[in-house]
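Have a look at the structure below before the remarks.
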Number of protein chains: 2
Amino acid sequence: MNINGRHFRTIWPDPENRNKICIIDQRQLPHQFIIETLTCLDDSIRAIKDMHVRGAGLIGAAAGFGMYLAAINAPDHGVDEKLEQAAILLNRSRPTARNLGWAVERVLAAVTKIEDGIDKKKAAYKTACEIADEDAAFCRQIGIHGLELIAAISKKKNGKQVNILTHCNAGWLAFVDYGSATAPIYAARDAGIDVHVWVDETRPWNQGAKLTTWELQQEGIANTLITDNTGGHLMQNGMVDMVIVGTDRTTHTGDVANKIGTYLKALAAYDNNIPFYVALPSSTFDWELEDGTDIPIEQRSGDEITRISGMNDKTGEIETVRLVAPGTQAINYSFDVTPARLISGLITERGIVQANKEAIDALFPDKTKKLTQG
Amino acid sequence: MNINGRHFRTIWPDPENRNKICIIDQRQLPHQFIIETLTCLDDSIRAIKDMHVRGAGLIGAAAGFGMYLAAINAPDHGVDEKLEQAAILLNRSRPTARNLGWAVERVLAAVTKIEDGIDKKKAAYKTACEIADEDAAFCRQIGIHGLELIAAISKKKNGKQVNILTHCNAGWLAFVDYGSATAPIYAARDAGIDVHVWVDETRPWNQGAKLTTWELQQEGIANTLITDNTGGHLMQNGMVDMVIVGTDRTTHTGDVANKIGTYLKALAAYDNNIPFYVALPSSTFDWELEDGTDIPIEQRSGDEITRISGMNDKTGEIETVRLVAPGTQAINYSFDVTPARLISGLITERGIVQANKEAIDALFPDKTKKLTQG
């Protein structure tokens, strides 16, 4: 995707020194565009945990490169041991994110089958790059499949603007490129369809307000910011044609963990007979879970609710203000689970599939077989 | 209710000069406790429109005193004319608020039947005071009736803590005293029941974060602040025993306009079989509307979403920060409508009633009769 007309991915090895991994520090957006360099496992863990990078696919890619950075900082004879430790630490950093564990396992699997320490490090690099490339490619495919849904609505509306509501940021900033929920929107724009996006601000971290609006503006897509409270009212009044969201972990049976508040939007869409789609690369499926209530839900600091940062236009500085009285207690769950019954379909790199075990199995026999045999 | 142990109402005539009406400037809470004085109609309109005062009952009381201030600033022979103009201006200030029009009409009715200009002014004062006193008295009654519901849950839980979720501020700060949604909570506390309140922060104006948590803390009621996105997750996980909210306008048929996002919580409560109650004095009923979709929905500035104010603990100043990139468009609907089918019951000053026309008619035959005869 483009920033000020120049193409960027969200994570990339420094072309002059591949031992340095570059990311955009998303905590500073939209106020400052800062590229940060990660050079060791600790850098990677901090970047994931403190949300310099966030979003399903990007957490996966960052974990892949984190494993690589762990490998290159290990002695040649101790790569496996170092990576096993790294896997444990990375997995702990964001408990709900399925792509994290998936990427860590993929690097581990690629490295452990190789004998030589130096070759292991090369394999870690190659695998991390593959994870990132595949993420971008899969998101592009998601866009192609999701485009069909938007095109059908546009046709039904005789070419009138299609209004899509999204929650959080499942845009290119959440992946390596294109995004999951946004990929069909970008594809629709490219196909000449008139689209407009309702962007939930997505408290407490405000991914929608800070990232999604900025990303869509950079790409010239019409969008309007709303509070998370607003979607139901818009749906009741015929102002939303479809909902597309991302997911951080989706069970084998179609239950979807996504940013807290997604469940409320799914309920409203269902109540108003509005299609509710979830876009995801297959790397986000948890093939071992049968029930969404078993998905671990990350809890973050209450300070993310009671304090907020933004640009003080008087001083030109980013400042933090306290929104509540001293001593106010806040609890901060980062995700909720939307049951499969509320979901119209899953948009994956292989096509659109109903949110149930049979349909998912049929589209991904290679993945599910592995589980059954395992 | 108490602030630092001292009893306050939210609006009162200055005891030394009843031509000055005192309010708490709620825009400054919880950071600063500032008492503001209103001396003319313009002051009252600004206080209502810019939300120095807000909340169903308090808007009604402020409108009543606003009519009084309009009357005393009119020549003795021109009170009626002045009040008719004042009524139009006040009614425009917050379009969804039913108590506003109700209070304005009540003062008009009381004044127009009197001949003498000076007596008209006295009648305006008397009626404004009656509106305020009645609001407090009705909220106290709401507390007594709502207590039964909480007591029943407490008993079912063998005295374990009862968890009540509320949205926005329907506390004493939204009325003259006690509040609507909070009145049963205060009554439960007084009855020795262990209660805990989940407080939706209530974007964009953050009435929950700024007012409800502060009010509950002042009264020593256990509470936890959550984002508006969180209630569904809590309900799915058995962490909410009941929901109580207020309302700005409720139709004759039980459809409820309340702060934007209320509908989403009602859907989640319904989906999880959790009781969802709306507390209101009868002054909030709109006896002329049969369908909630006819309720006018106020739209406020998008700046309330894109900018936020809070305490900068480094400077000790209240500062405003911008949360989004320059040029970000935001739309700000202040209310939504929860259909009667999602509501377990209405807690009124006369008792608890089902949210349907027949039941409401049966409890308020004097009100509905007036409409039928009119």
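Numbers restart at 1 for each chain; the letters A, B, ... are given by sequence-line order, proteins then strands.
For A:L211, no part sits under 4.5 Å from any heavy atom of chain B, backbone or side chain. Proximity to chain A (any heavy atom under 4.5 Å) is shown, for B:I318, by neither the backbone nor the side chain. When heavy atoms are compared at a cutoff of 4.5 Å, B:S309 approaches chain A solely by way of its backbone atoms N, CA, C and O. For A:T230, the parts lying near chain B are the backbone and the side chain together; criterion is any non-hydrogen pair under 4.5 Å. With a threshold of 4.5 angstrom between heavy atoms, B:N206 approaches chain A through side-chain atoms but not through N, CA, C or O. Looking at B:T328, the atoms closer than 4.5 Å to chain A (heavy atoms on both sides) sit in the backbone and in the side chain alike. Only the side chain of B:L234 comes within less than 4.5 Å of a heavy atom of chain A; its backbone N, CA, C and O stay farther away. When heavy atoms are compared at a cutoff of 4.5 Å, B:E319 approaches chain A by way of both its backbone and its side chain. Contacts between B:F335 and chain A at a heavy-atom distance below 4.5 Å involve the backbone alone (N, CA, C, O).
Atoms CG and OG1, on B:D228 and A:T202 in that order, are 11.5 Å from each other to the nearest 0.5 Å. Rounding to the nearest 0.5 Å places OG1 of B:T227 at 10.5 Å from CD of A:E304. Atom CG of residue A:N312 and atom CZ of residue B:R322 lie 9.5 Å apart, to the nearest 0.5 angstrom. Distance CG/A:N229 to OG1/B:T262: 7.5 Å, rounded to 0.5 Å. With values rounded to the nearest 0.5 angstrom, B:N237 atom CG is found 8.0 Å from A:T293 atom OG1.
A salt bridge between B:R341 and A:D271 is present, with a side-chain N of the basic residue lying under 4.0 Å from a carboxylate O of the acidic one.
Closest approach of A:P326 to B:Q217, counting heavy atoms only: O-OE1, 4.2 Å. B:P30 approaches A:A325 most closely through the heavy-atom pair CG-N, 3.3 Å. A:T224 and B:I331 make their closest contact through CG2-N, 3.7 Å (heavy atoms, listed as atom of the first residue, atom of the second, distance).
A:Y263 is not listed as a side-chain neighbour of B:H233, based on a closest heavy-atom distance of 4.5 Å or more. Inter-residue side-chain proximity for A:V324 and B:M311 is flagged as unmet; no heavy-atom pair is nearer than 4.5 Å. Counting only heavy atoms from C-beta outward, the side chains of A:L264 and B:L267 never approach each other to under 4.5 Å.
The candidate from A:K259, A:Q236, A:H31, A:M235 with the greatest count of non-hydrogen atom pairs under 4.5 Å with chain B is A:Q236. Heavy-atom pairs under 4.5 Å with chain B were tallied for A:G327, A:G231, A:G261; the largest tally goes to A:G261. By number of non-hydrogen pairs under 4.5 angstrom with chain B, the leading residue of A:D336, A:N223, A:L323, A:I226 is A:L323. Of the residues considered (A:K210, A:K314, A:K265, A:E201), A:E201 shows the highest number of contacts with chain B, using heavy-atom pairs under 4.5 Å.
Using modelled atom types, no side-chain atom of A:Q329 and backbone atom of B:L225 make a donor-acceptor pair closer than 3.5 Å.
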